[in-house]
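By convention here, the first residue in the shown sequence is residue 1.
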Amino acid sequence: MVKIAIVGAGLIGQAWGAVFVAAGHDVVLYDPIAGVADGAAPKVLARLQDLADHGLIAAREYRSQISVAASLAAALEGVIYVQESGPEKRDVKAALTAEMDAILPPDVPIGSSTSGIPASSYAADVAGRGRCLVVHPINPPHLVPAVEIVPAPFTAAEVTEKVRDLIAQTGQIPITLKREIDGFVVNRLQGALLIEAFKLLQNGVAAPEDIDRAICDGLGMRWSFMGPFETIHLNAPGGVSDYVTRFAGMYQSMFEGDTKISDWSSALDQGLTSYLDALHPQDSLPEAHRARDLKLMELLRMRRAGDRRG
């Protein structure tokens with residue numbers, strides 16, 4: 001059992017806490033806003049209880065593995081890894097990372113949960129910048145296993161490997177990028193799909209609910225257990241090379257000369273807002289979040305039961 005610090009105890013920090021505790025580690029929570037870390041501890045336990053109720057982790061007492069620190073220095077004492085989950089602001093991350101670097105022993109990696117700020121942007125001036133890298137979870141982290149490991153050009157190779165091994169040990173699935181790129185991999189893939197979805201809506205091709213159905217009742221059925229490359233490999237008699245021969249031209253002609261990104265805000269008046277507000281009214285969003293998480297847990301349970309990776 002090792003000790004891990006969660007710096008920033010909001011929704012992402014709480015979910016990370018559940019991930020590390022479930023894997024058998026001690027977790028210390030810290031947040032600079034008074035009362036946030038204290039309030040986060042029972043929320044971490046609630047997530048763990050949900051996982052236990054769905055048979056995803058053992059039902060046992062986890063409270064002894066969770067502590068709350070009153071200061072950053074106290075939170076970092078004796079830890080082997082830090083998962084920073086503070087605000088998505090470059091200046092805040094730069095200052096916080098520099099402060100942590102000054103406190104921690106040199107062999108402790110500092111991972112950031114940032115969704116799109118590369119480590120080379122916020123850690124370039126940190127004395128121990130070689131220990132800094134992005135460790136980006138997919139929300140909610142305790143239910144979606146993929147985690148992007150994004151080293152900066154200055155991140156030490158042994159740090160990247162150490163963090164990748166730690167993340168894999170928790171049961172999460174690391175995706176290691178070979179170099180930094182805006183948006184990393186997951187958000188770039190999501191962004192490409194969203195750009196096309198908004199375009200289809202704005203061009204009057206289909207209603208928003210039908211575009212959603214194209215994913216959840218179409219592509220998403222396969223994508224929940226295999227990626228786009230594996231999908232196309234199984235979609236042609238001769239595998240991926242056959243698929244490319246058959247369909248590459250079709251896809252290229254679809255998007256030839258199509259480089260303009262539309263103004264998404266204009267789609268809000270084309271039925272998007274009314275569709276989503278009717279589906280999930282603002283005052284019922286917490287219940288919708290809960291329903292989403294319950295479905296994810298059931299999907300995760302079924303996936304684990306038949307996972308070819310064991």
Side-chain angles (χ1 to χ4, degrees), residues 8-16 33 36 39-40 43 46-47 50 85-90 92-93 113-117 134 136-148 181-225 227-228 231 251 254-300:
L11 292 175
I12 298 299
Q14 294 161 21
W16 267 124
I33 301 176
V36 170
K43 294 175 182 177
R47 285 168 170 78
D50 276 345
S85 300
E88 193 76 356
K89 296 180 180 179
R90 193 202 70 82
V92 173
K93 290 190 181 295
S113 299
T114 175
S115 298
I117 306 174
V134 168
H136 170 229
I138 315 306
N139 192 35
H142 66 302
L143 301 179
V144 182
V147 177
E148 294 183 293
I181 185 171
D182 287 346
F184 315 138
V185 168
V186 172
N187 279 331
R188 290 185 73 89
L189 290 171
Q190 179 171 243
L193 194 148
L194 283 172
I195 287 169
E196 186 60 23
F198 272 98
K199 195 174 298 179
L200 290 168
L201 176 62
Q202 291 168 316
N203 289 341
V205 174
E209 55 267 38
D210 287 319
I211 295 170
D212 269 356
R213 289 174 188 138
I215 301 302
C216 65
D217 296 316
L219 294 173
M221 294 290 288
R222 297 181 303 214
W223 285 351
S224 67
F225 58 90
T231 295
Y251 283 107
M254 272 187 214
F255 301 102
E256 188 174 1
D258 190 4
T259 58
K260 183 180 178 182
I261 299 176
S262 60
D263 176 12
W264 289 5
S265 62
S266 66
L268 299 178
D269 296 327
Q270 293 180 255
L272 184 59
T273 300
S274 57
Y275 156 60
L276 292 173
D277 280 349
L279 187 64
H280 300 300
Q282 289 293 313
D283 59 2
S284 71
L285 286 180
E287 290 82 0
H289 294 158
R290 176 68 176 163
R292 175 204 65 189
D293 289 357
L294 290 172
K295 289 177 182 177
L296 282 171
M297 281 185 277
E298 183 63 17
L299 175 61
L300 189 56

>> Is it the case that the side chain of S85 and the backbone of G8 share a donor-acceptor pair, with hydrogens and angles ignored and the cut-off at 3.5 Å?
In response: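 Looks like no, no N/O pair under 3.5 Å.
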>> Strictly distance-based, threshold 3.5 Å: is any side-chain N or O of Q14 a donor or acceptor partner for the main-chain N or O of A40?
In response: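 No: the side chain of Q14 does not pair with the backbone of A40.
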Spacing of [X] atom [atom1] and [Y] atom [atom2] [to the nearest 0.5 Å]:
X    : Y    : atom1 : atom2 : result
I215 : L193 : CD1   : CG    : 4.5 Å
S265 : L272 : OG    : CG    : 11.0 Å
S115 : I138 : OG    : CD1   : 8.0 Å
I211 : R213 : CD1   : CZ    : 11.0 Å
H142 : M297 : NE2   : CE    : 6.0 Å
L296 : L300 : CG    : CG    : 8.0 Å

Evaluate the side-chain proximity of [Y] to [X]: yes if any heavy-atom separation is below 4.5 Å, no if none is.
X    : Y    : answer
I12  : P137 : yes
I195 : W264 : yes
P140 : R292 : yes
T114 : E88  : yes
V185 : E148 : yes
L200 : E196 : yes
P141 : N139 : yes

Of all heavy-atom pairs between [X] and [Y], which one has the smallest distance, and what is that distance?
X    : Y    : result
S266 : Q270 : O-OE1, 3.3 Å
W223 : P228 : NE1-CA, 4.2 Å
A206 : D210 : CB-CB, 4.4 Å
A288 : H280 : CB-ND1, 3.4 Å

[X] atom [atom1], over 12 foreign heavy atoms within 6.0 Å:
X    : atom1 : value
M254 : CE    : yes
K43  : NZ    : no
L285 : CG    : yes
N203 : CG    : yes

>> Run the side chain to side chain contact (heavy atoms under 4.5 Å, CB included) test on R188 and D182 for me, step by step, so that the C-alpha distance in whole Å, both residues' side-chain angles and the decisive distance to 0.1 Å come before the verdict.
In response: CA-CA 8 Å; R188 290 185 73 89; D182 287 346; 4.2 Å; yes
> Below 4.0 angstrom, N of the basic side chain to O of the carboxylate: do R290 and D293 qualify?
Replying inline: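 No salt bridge links R290 with D293.
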>> salt bridge (charged side-chain N to carboxylate O under 4.0 Å, His left out) for D50 and R47? Distances and angles first, verdict last.
In response: CA-CA 5 Å; D50 276 345; R47 285 168 170 78; over 6 Å; no
